Amino acid sequence: MRSMLLRKISIKELIFTKYKEKKMTCVTSSSSDIAAAATLLLEGKLVAFPTETVYGLGANALSEEASVRIYQVKGRPPTDPLICHVPDATDILGRLWDISTPENREVAEVGCALGAKFWPGPITFVGPASSLVAPCVTGGCGCVGVRIPDHPVALEFLKACGVPVAAPSANTFGHVSPTCAAHVMSDLAPRDSSLTVIDGGSSSIGIESTVVKLTHNGSAVQLEILRRGKIGVTELQRALKAVMREKSGDDNKQQFREALVTVRDTRSKFLGNMSAPMDGPGQLLTHYSPNVPSFLLTRSSISLLVQSSTSTTSGTTSRSGSVVAGEVRYPLSRAVLLDFEHRIVNAMGSSAPSSTPTPVAVSPTASGCPFAAESDNNTTHSSAQGIVLARMSLSDSGSLEEACQRVFEALRWVETIAGAEVAIFPLLSEWVPRVEANEQRGITEEAADAANELLAAVEDRLFRAASGVVARVEIS
Ligand code: TXA
Ligand code: MG
């Protein structure tokens, strides 16, 4: 244990020494370091800071020159807009969102009323941009996303800055979003020697905010979820109805009946037509990609070509296999597997994989998550484990919150495995059945919706990391 601790410390020190040489600075979250970092941001430098979702790469959102650096350092297309981070709602109306027309004012007011229900928190509302926002921050789309993060270090830093801070996730364009300071340093130190990173530990949620665009259709404000996150469509729909009710005081008003939340479904669009044009920024199919060819697995992806396994004299099972993606065949012994509980590895070890998902025991009290751990079949688990090069479970206990918190860390871990030729991940909804509300078992509709939507948000990240491509696994 002690030697493991020493090893961890020395690896961290090595990373810090390596980046110190490149003059990039990683500072603590002490008040003096935060104040110094805010001064650097106001001088036009970039500062990466922790949030509850992922780390952001910040610049003064009122300065075109400073904000343009974000695009250069990330290698991000100039048409992909940035989110503005503020410590409170004081300056949103008029300063970030335009309120010069009645429709824009209504959109901005509904945005702020929704923000009052969710902020500080993991949700970004996109509304009409005021002319004070640096043009590059909007990517030329005329609207700007706003978020108040729920993280003490981020809030202290934003207060110290005193200006809105434009910040995308602090990774290189297309790579995995960072959930700790070391991730930021490994992506960005080689690209910006004057970058400062505030180390605030690991992000507690682990995936980026829900992004919601507000528009006006002439009679009512409409909401469209552009990116799924921890706050789901049902929760948002409930909040929108409450806001409309508070505004009109009457459920039968036209406005209330038209209150609508939709989800931009890029996934089915891509599956239907892989060459479909982008109809919005940041909607790329390929995102979060590790530097190893990556594929999704469904339950029916796995074929056991021999029904009974071959036992060696030591009693362990000897199996081999391939990951097959189109014309390309990779040895399974060179595959890195991200699992959920032990579902995939068990399916690989089972002599009769089922094409229907295993039912899960659902309990709202078990580990605070409606997905209770499935009983672990250790025999099949251990017999199949040796056939892949390396395996990590997003959650051993079947906790979706844990899978959410670990998914980006896990995608980066894939890149550290020497000799890896291919990575395989679960298409989660094929491995974990939907949670249904169940009064007798104390599962409310809200808990079921929240669980199903968190699963969709985590699945979205794995789906994009594998560019939506499903592979086959053949085991003999
Ligand atoms: O949790 C988060 O949202 C993190 C932390 C740092 O706050 N930020 C983040 O930013 O993930 P970024 O830039 O990596 O992702 C924001 C997404 C992009 O897909 C972008 O295209 C979209 O939100 N977005 C931002 N502003 C937009 C706008 N004005 N209109 C449409 N989409 C927008
Ligand atoms: Mg990003």
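Keep in mind that this is a model prediction, so the values were computed, not measured. Note that ligands are numbered from 1 as they come in the structure, with each ligand's atoms numbered from 1 the same way.
One side chain, Ser429 or Glu459, offers a donor N or O that lies under 3.5 Å from an acceptor on the other. In this model, no donor atom of one side chain and acceptor atom of the other lie less than 3.5 Å apart for Asp98 and Ser130.
Backbone and side-chain nitrogen or oxygen atoms of Cys143 are examined, and one is located within less than 3.5 angstrom of a nitrogen or oxygen of ligand 1. Distances between N or O atoms of Glu208 and those of ligand 1 include no value under 3.5 Å. For ligand 1, one of its N or O atoms has an N or O atom of His85 under 3.5 Å away. At a 3.5 angstrom cut-off on N or O pairs, Thr138 does not count as close to ligand 1. At least one N or O atom of Ser209 sits closer than 3.5 Å to an N or O atom of ligand 1. Not a single N or O atom of Tyr55, backbone or side chain, sits closer than 3.5 Å to an N or O atom of ligand 1.
Per-residue contacts place Val144 under 4.0 angstrom from the following atoms of ligand 1 (heavy atoms of the residue considered): 29 (N). Listed by number with element, the atoms of ligand 1 under 4.0 Å from a non-hydrogen atom of Pro168 are 10 (O), 12 (P), 13 (O), 14 (O).
Sorted by first and then second residue, the pairs that involve residues 57-72 and meet side-chain hydrogen bond (donor to acceptor under 3.5 Å, both in side chains), not counting sequence neighbours, are Arg69-Asp192.
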Item to check | Evaluation steps, side-chain contact (heavy atoms from CB on, under 4.5 Å), between Val86 and Trp119 | outcome: CA-CA 10 Å; Val86 283; Trp119 287 333; over 6 Å; no

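Here Asn171 fails the criterion, with no N, O or S atom under 2.8 Å of the Mg ion (ligand 2).
Here Arg264 has no heavy atoms under 4.0 Å from ligand 1, in either its backbone or its side chain.
No donor-acceptor distance shorter than 3.5 angstrom exists from the side chain of Thr138 to the backbone of Ala134, with no hydrogens or angles considered. A donor-acceptor pair under 3.5 Å links the side-chain atoms of Thr51 to the main chain of Thr53, judged by distance alone.
Among Glu341, Glu402, Glu401, the one residue that satisfies the side-chain hydrogen bond (donor to acceptor under 3.5 Å, both in side chains) test with Ser395 is Glu402.
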